[in-house]
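Nothing fancy with the numbering, it's 1 onward along the sequence.
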Amino acid sequence: MRKYDEPDPWKLAEAMGIIVQVMPLGSTEKSCKGFFLRQSRKKHITINSDLPEPIQRIILAHEIGHAVLHHEAAKMKAFHDFALYDTSSQMEYEANLFAAEYLLEDDEVTELLSEDTFFFSVAKELEVPPELLDFKFRILKRKGWQIESPIQSNSNFLKHLSDRGEDT
């Protein structure tokens, strides 16, 4: 990410040479949110256009995380972000951490927290689901911040984002 110094995940994917396709994949809870695959040395991300744009942005950042962290594993299978989520998936956990670190600047989060703002208000202000902010809190704790999240998110939280797209 720092290599490209690009805050927009759509432009980051382009700069990284990742082919991004946005297409309708359905709007039910079980609909695919997006997926990453690597085929013939090319990286492809598909995003569900039926999702609200803020959620598409989060899904794209998550899939870029797979492209960066798990590109070797993607040779064997696509990362489908619907049924493959589970709490034991280390790769999904890592992609969530990647998306949280990429989309949420440390300074912006800590500044909002220093304003004595509640956790859920900070998430709303940053236009992200609280679960993604929880993942950012985990990163900030590793960096030495003394903060506690009021929630414990699972790696599968993206599976349910379209159910409450108005929350982000």
How many angstroms lie between atom [atom1] of [X] and atom [atom2] of [Y], to the nearest 0.5 angstrom?
| X | Y | atom1 | atom2 | result |
| --- | --- | --- | --- | --- |
| S49 | Q21 | OG | CD | 9.5 Å |
| E101 | D106 | CD | CG | 5.5 Å |
| L51 | S27 | CG | OG | 8.5 Å |
| F157 | N96 | CZ | CG | 4.5 Å |
| T110 | W145 | OG1 | CH2 | 4.0 Å |
| I55 | L60 | CD1 | CG | 13.5 Å |

Residues in side chain to side chain donor-acceptor pair (under 3.5 Å) with [X], at least two apart?
| X | value |
| --- | --- |
| R142 | Y93 |
| S153 | D134 |
| E94 | H70, Q90 |

Smallest separation among heavy atoms of [X] and [Y], with atom names:
| X | Y | answer |
| --- | --- | --- |
| F135 | A100 | CB-CB, 3.8 Å |
| I58 | P129 | CD1-CD, 3.3 Å |
| F36 | K43 | CE1-CB, 3.6 Å |
| S31 | G26 | OG-C, 3.1 Å |

query = Is any side-chain heavy atom of Q56 less than 4.5 Å from a side-chain heavy atom of I47?
reply =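 Yes, side chains in contact.
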
key: Any C32 side-chain heavy atom under 4.5 Å of N48 side chain   =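 With C-beta onward as the side chain, the pair stays apart.
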
key: ring pair (Phe, Tyr, Trp, His ring centres under 6.0 Å): pairs with one or both residues in residues 111-134, sequence neighbours excluded   =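 The answer is F119-F137.
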
Worked verdict on F98 versus L69 for side chain to side chain contact (heavy atoms under 4.5 Å, CB included) = CA-CA 9 Å; F98 181 95; L69 302 169; 4.2 Å; yes

request  = Could you tell me whether K136 and E105 make a salt bridge, using a distance below 4.0 angstrom between a side-chain N and a carboxylate O?
outcome  =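 E105 and K136: not salt-bridged.
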
request  = Apply the side-chain contact (heavy atoms from CB on, under 4.5 Å) test between L133 and each candidate in V109, L140, I151, L113; give the one that qualifies.
outcome  =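 Passing option: V109.
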
inquiry  = Applying side-chain contact (heavy atoms from CB on, under 4.5 Å), can you list everything that pairs with E115, at least two apart in sequence or on another chain?
reply    =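 Scan of E115 (side-chain contact (heavy atoms from CB on, under 4.5 Å), adjacent residues dropped) gives E111, L112, T117.
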
ask   = How would you list, by chain and number, every residue that makes a side-chain contact (heavy atoms from CB on, under 4.5 Å) with A99, sequence neighbours excluded?
value =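 In terms of side-chain contact (heavy atoms from CB on, under 4.5 Å), with neighbours along the sequence ignored, A99 is linked to A61, H62, L132.
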
Considering residues at least two apart in sequence or located in another chain, which fulfil the salt bridge (Lys or Arg N to Asp or Glu O under 4.0 Å) criterion with [X]?
| X | value |
| --- | --- |
| D50 | none |
| D8 | none |
| R57 | none |
| E148 | K141 |

ask   = So which residues get pulled into M23's cluster when ILVMFWY side chains under 4.5 Å apart are joined, directly or through others?
value =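 Under the 4.5 Å side-chain rule, M23 groups with L25.
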
Please report, to 0.1 Å, the donor-acceptor pairs under 3.5 Å made by any side chain of residues 10-20, with sequence neighbours excluded.
none

